[in-house]
Amino acid sequence: MGDSKKALISNVQKFSLDDGPGIRTTIFFKGCTLKCRWCHNPENIMAGKQVWYRQTRCIGCRTCMNVCGKGALEFDGKKAVRNPQLCDNCGKCAEVCPTQALETIGGFCEPQEVWNRVKTDIPYFERTNGGITVSGGEPLLYAEWVKAFAVGAKNEWNKFHLAVDTAGNVPWTQFETVLEVADLFLYDLKIMDEKLHREMTGCGNQMILDNFRKLCQTGRRIWVRVPLIPAINDTEQEKKARAEFLKDCKNVEKVEFLPYHTYGIGKYEALGWKYLL
């Protein structure tokens with residue numbers, strides 16, 4: 001990761017209304033430094049290509065089993081049954097699946113390749129003061145790519161607007177790479193208590209908070225986003241700690257509270273992962 005030439009992208013979602021101002025296109029990158037128990041995009045946690053399996057699409061043709069060299073697929077009499085522990089994500093099964101029940105997540109893309117896909121929507125961006133949002137996963141793992149993408153896009157459209165949706169758990173040098181091209185940061189502040197943050201995300205929050213303080217000092221526009229998880233980060237202790245932490249950062253334009261939901265559970269099932277929350 002960090003290559004300016006190619007990045008592993010799972011999805012380019014057009015007409016996004018919740019990832020910054022106006023109508024936007026959101027680019028989702030694969031790979032994240034956190035493993036939040038409530039993550040609704042688990043397909044973007046792993047920094048590598050993956051295969052997921054949506055059994056409802058399976059017609060029981062068994063074509064996939066003929067190409068799997070790991071024995072990760074079996075037939076239960078009606079449909080294929082996948083063993084994720086045996087799968088090496090080679091993608092051969094997805095290549096031959098006629099119904100896309102088995103599908104490879106993620107493809108390596110160059111900046112210009114992605115820009116060519118999204119620039120047709122410039123009229124929508126201009127009418128609504130929208131633009132492009134990079135998300136994930138953690139887009140700052142691909143900071144050099146993001147910078148190259150933004151520079152190229154700006155050369156073609158001088159009103160180009162870039163929002164960076166980040167969890168902040170990357171070295172500060174990754175922020176420095178995109179500071180000159182980012183118009184807005186959507187900054188996730190998940191949990192203020194360090195011990196609880198580690199328990200729920202697999203990582204402490206010191207780097208996240210330090211990076212946030214540094215970002216505030218740059219004067220860049222910031223929207224703070226807080227996923228509200230019942231009985232975890234909606235407590236009085238968390239509310240007070242969050243308010244105390246944010247009160248002195250003058251360039252935080254808004255704080256968005258994102259309601260907890262379980263829309264991503266089906267993705268965990270498709271990946272063969274257990275939903276932990």
Side-chain angles (χ1 to χ4, degrees), residues 1-32 40-41 43-44 100 103-167 174-175 177-188 215 218-227 251-259 261 263-264 267:
M1 288 179 287
D3 188 353
S4 64
K5 295 181 179 179
K6 288 192 176 183
L8 188 55
I9 293 172
S10 65
N11 188 25
V12 177
Q13 179 179 297
K14 296 195 174 189
F15 207 81
S16 295
L17 301 176
D18 300 313
D19 296 324
I23 294 175
R24 311 190 69 79
T25 292
T26 303
I27 304 168
F28 290 92
F29 296 83
K30 271 183 67 60
C32 189
H40 63 278
N41 287 325
E43 74 277 15
N44 291 328
Q100 293 185 313
E103 192 172 10
T104 299
I105 309 165
F108 287 96
C109 302
E110 296 181 355
Q112 188 64 45
E113 177 186 355
V114 177
W115 176 242
N116 289 341
R117 291 171 60 183
V118 304
K119 67 182 181 180
T120 55
D121 292 332
I122 287 177
Y124 298 104
F125 302 152
E126 290 187 334
R127 292 173 192 168
T128 64
N129 293 319
I132 305 296
T133 299
V134 289
S135 185
E138 176 52 68
L140 290 184
L141 291 174
Y142 299 91
E144 292 289 349
W145 189 100
V146 172
K147 180 179 179 180
F149 173 83
V151 170
K154 188 75 172 178
N155 287 337
E156 294 190 39
W157 177 42
N158 60 11
K159 294 181 181 179
F160 175 79
H161 184 279
L162 177 69
V164 177
D165 182 9
T166 177
Q174 301 297 94
F175 280 88
T177 298
V178 303
L179 278 178
E180 64 185 61
V181 296
D183 299 287
L184 172 67
F185 285 89
L186 308 178
Y187 205 107
D188 294 350
L215 187 61
T218 68
R220 295 301 194 277
R221 297 177 62 199
I222 303 171
W223 291 6
V224 171
R225 309 221 290 184
V226 183
N251 44 323
V252 172
E253 297 182 358
K254 67 165 73 175
V255 179
E256 295 182 320
F257 295 99
L258 311 178
H261 62 75
Y263 300 152
K267 295 181 178 181

If you look at every heavy atom in [X] and [Y], which pair is closest and at what distance?
X: Thr128; Y: Ile23; result: OG1-N, 2.9 Å
X: Ala167; Y: Tyr187; result: O-CE2, 4.3 Å
X: Glu138; Y: Tyr142; result: O-CD1, 4.1 Å
X: Trp223; Y: Leu184; result: CD1-CD1, 3.6 Å
X: Gly20; Y: Leu186; result: N-CD1, 4.1 Å
X: Asp19; Y: Arg24; result: O-CD, 3.1 Å

Compute whether any side-chain donor of one residue and acceptor of the other, for [X] and [Y], lie under 3.5 angstrom apart.
X: Gln13; Y: Ser16; result: yes
X: Trp157; Y: Glu126; result: yes
X: Trp115; Y: Glu156; result: yes

[atom1]-[atom2] distance between [X] and [Y], expressed to the nearest 0.5 angstrom:
X: Leu258; Y: His40; atom1: CG; atom2: NE2; value: 8.0 Å
X: Ile132; Y: Phe149; atom1: CD1; atom2: CZ; value: 5.0 Å
X: Leu179; Y: Arg220; atom1: CG; atom2: CZ; value: 5.0 Å
X: Asn251; Y: Phe185; atom1: CG; atom2: CZ; value: 10.5 Å
X: Thr133; Y: Phe28; atom1: OG1; atom2: CZ; value: 9.0 Å
X: Asn41; Y: Ser10; atom1: CG; atom2: OG; value: 7.0 Å

Do any N or O atoms from the side chain of [X] and from the backbone of [Y] form a donor-acceptor pair under 3.5 angstrom?
X: Asn158; Y: Lys154; answer: no
X: Trp145; Y: Cys109; answer: yes
X: Asn129; Y: Gly22; answer: no

So does [X] pair up with [Y], basic N to acidic O under 4.0 Å?
X: Asp121; Y: Lys14; value: yes
X: Lys5; Y: Glu110; value: no
X: Asp18; Y: Arg225; value: no

Report yes if the side chains of [X] and [Y] come closer than 4.5 Å at any heavy-atom pair, otherwise no.
X: Phe175; Y: Thr166; answer: yes
X: Ile27; Y: Val114; answer: yes
X: Thr177; Y: Glu144; answer: yes
X: Lys147; Y: Glu180; answer: yes

- [ ] Kindly indicate, with the supporting measurements, whether the criterion side chain to side chain contact (heavy atoms under 4.5 Å, CB included) is fulfilled by Asp188 and Asp165.
- [x] CA-CA 8 Å; Asp188 294 350; Asp165 182 9; 3.7 Å; yes

TODO: Give a yes or no on whether Tyr263 atom OH has more than 12 heavy-atom contacts from other residues, nucleotides or ligands under 6.0 Å away.
DONE: no

- [ ] Show the numbers, then the answer: is there a side chain to side chain contact (heavy atoms under 4.5 Å, CB included) between His161 and Lys159?
- [x] CA-CA 6 Å; His161 184 279; Lys159 294 181 181 179; over 6 Å; no

Open item on the list: Using the rule given for side chain to side chain contact (heavy atoms under 4.5 Å, CB included), can you reason through Ile122 versus Tyr124, listing the C-alpha separation, both sets of side-chain angles and the distance that settles it, and then say yes or no?
Closed with: CA-CA 5 Å; Ile122 287 177; Tyr124 298 104; over 6 Å; no

